[in-house]
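Heads up, the thing below is written out as structure tokens.
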Amino acid sequence: MKGLFITFEGPDASGKTTQINRLKSFLQEQGIEPLMTREPGGTPISEKIRNIILDKENAEMLPVTEALLYAASRAQHVGEVIIPALDAGRIVISDRFLDSSIAYQGYGREMGGMIKEMNSPAVYGIQPDITFLLKTDPANMRSRRSAAEEDRMDAQKIEFHQKVLAGYLAIAEEEPERVKVIDGERDIDVIAEEIAAITAEFLRNRG
Ligand code: TMP
């Protein structure tokens, strides 16, 4: 694959959106126009699936249904958007990817290894080159989003979000080369500089 695939991960309200926009601006300053996308979503079909998953009215959704819907949304996204962009040599920045399913469904919903199996056809063998994991304490996230703003996943109990964070840290321990753990509770500018420096170094090493 000619392009570069960068993903951002972290608990809900970990400041991903802000940092993604900062990295986008940093790359644009270097004359690079990255392709910005997100999961669940990133294509019209995947965005429709997103609405079903996050709809608070779907409180009775079973964990297997949820996991399969995330995988279905991903399959369309990878096939329709990510792989063609990487083939064309683009830098792709995705707000969440497979690690989210491993952390939220695998650890949060305690579905374990089944998640990798379910997602195997959905990722067509690709994986991110760099993943920025914004590490924040889910207890602090509660104060950031009001109940009205919360979606079905935000509304899960704090214990669920703690399991998700533990899952992310386990992934980072397994793949320290790919997954960069970023302390997300620091000043926004300091975090943005760290992410930009890691990305710039990666690009230099790639030539
Ligand atoms: P967002 O709020 O970052 O857009 O993500 C939507 C929610 O979906 C968030 O709570 C994380 C969750 N999620 C999963 O549980 N599994 C997944 O595979 C993905 C991509 C997201």
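A quick note: this is a predicted structure, and the numbers were derived from the prediction, not measured. We count ligands from 1, going down the list as the structure has it; atoms in each ligand are counted the same way.
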**Prompt:** Near E39, which atoms of ligand 1 are under 4.0 Å from a heavy atom of that residue?
**Reply:** 20 (C)
**Request:** Report yes if some heavy atom in the side chain of I6 is under 4.5 Å from a heavy atom in the side chain of V92; otherwise report no.
**Result:** no
Within-cut-off N or O pair, [X] and ligand 1, under 3.5 Å:
| X | result |
| --- | --- |
| D154 | no |
| Q105 | yes |
| R96 | yes |

**Request:** Measure centre to centre between the rings of Y104 and Y70, then say whether the value is under 6.0 Å.
**Result:** no
**Asked** Below 4.0 Å from any atom of ligand 1, is there a heavy atom belonging to R74?
**Response** yes
**Asked** Can K16 be said to touch ligand 1, with heavy atoms closer than 4.0 Å?
**Response** yes
**Within 45° cone of F160 ring axis and under 6.0 Å: R109 NZ or CZ** = yes
**Prompt:** Side chains of E9 and S100: is there a donor and an acceptor less than 3.5 Å apart?
**Reply:** yes
**Prompt:** Looking only at side chains, do R74 and S101 share a donor and an acceptor under 3.5 Å apart?
**Reply:** yes
**Asked** Relative to atom 21 (C) of ligand 1, which among Y70, F160, Y104 owns the nearest non-hydrogen atom?
**Response** Y70
**Prompt:** Angle class for the F5/F97 ring planes (parallel below 30°, perpendicular above 60°, tilted otherwise)?
**Reply:** perpendicular
